[in-house]
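Below is one structure, written out as structure tokens; comments come after it.
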Amino acid sequence: MENIKDPSIYRNPVILQSEELTKYILETAVYPREPEPLKELREATINHPWGFMATLPDAGQLMTLLLQLLNPKKTIEVGVFTGYSLLLTALNIPDDGKITAIDIDRKAYEVGLPVIKKAGVEHKINFIESPALPILDKLVEDPANEGSFDFAFIDADKENYLNYHERLIKLVKVGGLLVYDNTLWGGRVSWPEEQVPPHSRPGTQAAIQFNKTITNDSRVQFALTSVGDGLNICRRIA
Ligand SMILES: C[S@@+](CC[C@H](N)C(=O)[O-])C[C@H]1O[C@@H](n2cnc3c(N)ncnc32)[C@H](O)[C@@H]1O
Ligand SMILES: O=c1cc(-c2ccc(O)cc2)oc2c(O)c(O)ccc12
């Protein structure tokens with residue numbers, strides 16, 4: 001049972017600008033249908049000093065729906081942290097499906113790993129401890145990887161999203177999905193710049209520039225959704 005008095009179970013900051021609506025969505029639609037392993041991993045992450053970075057469960061629910069619709073066999077994730085989005089992906093691809101998961105922080109991944117193992121999906125995961133860009137460059141170098149991925153989830157350093165996009169658009173097949181997290185950055189994309197706290201300005205600028213570039217990118221069809229911290233869902237069309 002969730003402790004509904006504990007504001008940390010809701011997102012901070014609140015994209016919807018209404019804590020009541022956020023609480024309604026999480027309590028009526030998200031938590032009751034959240035698979036047990038994901039709940040367990042989320043709880044294992046709560047006390048991590050950077051626990052606020054984990055993919056939000058409502059965003060996870062939408063990702064689950066997309067994965068079920070797409071039925072991807074080969075996926076890639078940039079930004080794993082303790083593995084909430086990774087575990088949900090592993091739970092929603094076939095038993096012989098494969099996820100290439102990249103993060104610079106193996107220690108954080110190891111927080112969630114026991115839950116991943118217990119869920120019986122570790123064999124689907126190839127975790128690579130590295131900055132993402134050189135790994136993506138290596139993948140792009142090999143023509144066999146071109147258009148070979150069905151699904152990509154990107155949730156790492158926001159300032160590199162456009163660099164990741166230029167690589168991933170080549171790796172994901174036409175008809176495949178590229179899902180980018182934090183593209184509304186706590187709603188700050190719409191704030192007057194002087195009201196954005198200085199430490200948050202690089203992330204805000206990165207999200208603004210990213211969304212603008214995607215809007216002008218004819219290789220994708222997309223939806224900028226206000227779920228979680230803002231998922232920009234792109235489908236490669238060319
Ligand atoms: C927001 S967290 C990812 C959250 C994760 N998707 C989840 O469901 O919990 C961002 C992660 O990106 C990783 N990261 C930051 N810069 C990176 C880089 N250049 N290459 C790879 N990973 C990076 C961080 O170590 C961190 O674990
Ligand atoms: O507050 C954050 C910060 C990040 C972040 C910052 C720098 C990096 O190199 C990677 C990630 O990511 C976040 C995130 O994904 C989230 O959902 C909430 C907050 C933050």
Side-chain angles (χ1 to χ4, degrees), residues 8 10-15 22 30 34-35 37-64 67 75-92 99-113 115-116 125-139 151-165 167-168 178-189 196-207 210 225-232:
S8 69
Y10 306 115
R11 67 177 65 87
N12 179 24
V14 178
I15 284 286
T22 302
V30 178
E34 189 181 37
L38 289 180
K39 207 179 278 282
E40 202 180 320
L41 198 149
R42 186 161 55 79
E43 277 159 11
T45 303
I46 281 174
N47 293 323
H48 190 289
W50 304 320
F52 56 86
M53 291 205 307
T55 296
L56 292 164
D58 51 343
Q61 190 178 51
L62 178 55
M63 271 178 72
T64 298
L67 288 164
T75 83
I76 186 162
E77 173 160 314
V78 179
V80 171
F81 189 44
T82 60
Y84 188 88
S85 52
L86 178 61
L87 176 56
L88 90 78
T89 304
L91 290 171
N92 287 288
I99 309 168
T100 301
I102 313 166
D103 203 298
I104 48 176
D105 183 359
R106 189 178 172 94
K107 269 212 161 78
Y109 172 57
E110 283 170 356
V111 170
L113 192 53
V115 186
I116 291 172
I125 297 167
N126 173 25
F127 179 84
I128 303 172
E129 184 182 17
S130 168
L133 218 44
I135 300 296
L136 295 177
D137 279 336
K138 260 229 143 53
L139 289 171
F151 181 87
F153 181 61
I154 303 89
D155 188 15
D157 45 336
K158 318 305 165 192
E159 292 84 348
N160 260 320
Y161 273 24
L162 284 172
N163 289 325
Y164 297 146
H165 184 66
R167 276 88 180 159
L168 288 165
L178 305 95
V179 179
Y180 293 89
D181 199 8
N182 308 107
T183 54
L184 295 175
W185 204 229
R188 292 180 291 269
V189 289
V196 177
H199 73 272
S200 205
R201 283 182 197 160
T204 306
Q205 278 312 312
F210 176 78
T225 67
S226 54
V227 177
D229 193 31
L231 286 184
N232 196 324

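In listed order, ligands and their atoms are each counted from 1.
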Apply the test side-chain contact (heavy atoms from CB on, under 4.5 Å) to residues Asp181 and Leu231: give CA-CA distance (whole Å), side-chain angles for both, the deciding distance (0.1 Å), then the verdict.
CA-CA 5 Å; Asp181 199 8; Leu231 286 184; 3.5 Å; yes
The test is side-chain contact (heavy atoms from CB on, under 4.5 Å); show your working for Tyr109 and Ile125 and say whether it passes.
CA-CA 12 Å; Tyr109 172 57; Ile125 297 167; 3.6 Å; yes
Could you walk me through whether Leu88 and Leu67 satisfy the side-chain contact (heavy atoms from CB on, under 4.5 Å) test, starting with their C-alpha distance in whole Å, then the side-chain angles of each, then the deciding distance to 0.1 Å, before giving a yes or no?
CA-CA 9 Å; Leu88 90 78; Leu67 288 164; 3.7 Å; yes
Assess whether side-chain contact (heavy atoms from CB on, under 4.5 Å) is satisfied between Phe151 and Met63, documenting all intermediate values.
CA-CA 10 Å; Phe151 181 87; Met63 271 178 72; 4.2 Å; yes
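The shortest N or O to N or O distance between Gly79 and ligand 1 is below 3.5 Å. For the pair Thr82 and ligand 1, the shortest N or O to N or O distance does not fall below 3.5 Å. Any N or O atom pair closer than 3.5 Å counts here, and Asp229 shares no such pair with ligand 2. Considering both main-chain and side-chain atoms, Ser85 comes within under 3.5 Å of ligand 1 through a nitrogen or oxygen pair. Considering both main-chain and side-chain atoms, Met53 never comes within under 3.5 Å of ligand 1 through any nitrogen or oxygen pair.
Distances from ligand 1 to the non-hydrogen atoms of Ala108 include no value under 4.0 Å. No heavy atom of Glu159 sits closer than 4.0 Å to any atom of ligand 2. The closest approach between any non-hydrogen atom of Gly60 and ligand 1 is not below 4.0 Å. The shortest separation from a heavy atom of Phe52 to ligand 1 is not under 4.0 Å, leaving the residue out of contact.
To the nearest 0.5 Å, the span separating CG on Leu91 from CG on Leu86 amounts to 9.5 Å. The distance from the CG atom of Leu41 to the CZ atom of Phe81 is 10.0 Å, given to the nearest 0.5 Å. Note: Leu62 CG to Leu56 CG = 12.5 Å, rounded to the nearest 0.5 Å.
Looking at Val80 against ligand 1, only its backbone comes within 4.0 Å, counting heavy atoms. Residue contacts with ligand 2 for Leu56 are absent, since no atom lies close enough (heavy atoms, distance under 4.0 Å). The part of Asn182 lying near ligand 2 is the side chain, judged by heavy-atom distances below 4.0 Å.
Between atom 26 (C) of ligand 1 and the options Asp105, Asp103, Asp157, the minimum heavy-atom separation is to Asp103. Residue Trp185 holds the heavy atom nearest to atom 2 (C) of ligand 2 of all those in Phe81, Trp185, Trp50. Closest to atom 10 (C) of ligand 2 by heavy atom, among Gly186, Ala156, Ser200, Gly79, is Ala156. Looking at Asp155, Leu136, Ile104 and measuring to atom 2 (S) of ligand 1, the nearest heavy atom belongs to Asp155.
Taking a cut-off of under 4.0 Å to the non-hydrogen atoms of Asp155, the atoms of ligand 2 that pass are 15 (O). Listed by number with element, the atoms of ligand 1 under 4.0 Å from a non-hydrogen atom of Ser130 are 20 (N), 21 (C). Close approach to Phe81 involves these atoms of ligand 1, each under 4.0 Å from a residue heavy atom: 2 (S), 3 (C), 4 (C), 5 (C), 9 (O), 27 (O). In summary, the atoms of ligand 2 found under 4.0 Å from a heavy atom of Phe52, numbered by their order in the structure, are 1 (O), 2 (C), 18 (C), 19 (C). Here is the list of ligand 1 atoms found below 4.0 Å of a heavy atom in Tyr164: 18 (C), 19 (N), 20 (N). Of all atoms in ligand 1, numbered sequentially from 1 with element shown, those under 4.0 Å from a heavy atom of Pro131 are 20 (N).
The side-chain heavy atoms of Ile76 and Ile102, taken from C-beta on, include a pair separated by under 4.5 Å. Looking at heavy atoms from C-beta onward, Leu184 lies in side-chain contact with Ser226 at the 4.5 angstrom threshold.
For atom 9 (O) of ligand 1, the nearest protein heavy atom (residue, atom name, distance) is Ala54 CA, 3.2 Å. At the shortest separation from atom 20 (N) of ligand 1 among protein heavy atoms lies Ala132 N, 2.9 Å.
The aromatic rings of Phe210 and Tyr180 sit tilted relative to each other, their planes meeting at an angle between 30° and 60°.
Contacts of Tyr164 classified as ring-ring contact (aromatic ring centres under 6.0 Å, His included), with partners at least two apart in sequence or in another chain: none.
Between the side chains of Thr55 and Asp155, at least one donor N or O sits under 3.5 Å from an acceptor N or O. Residues Thr45 and Thr82 bring a donor and an acceptor atom of their side chains to less than 3.5 Å of each other.
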Distance-only donor-acceptor pairs under 3.5 Å for side chains of residues 130-138, two or more places apart:
| unit_1 | atom_1 | unit_2 | atom_2 | d |
| --- | --- | --- | --- | --- |
| Asp137 | OD1 | Arg167 | NE | 2.7 |
| Asp137 | OD1 | Arg167 | NH2 | 3.4 |

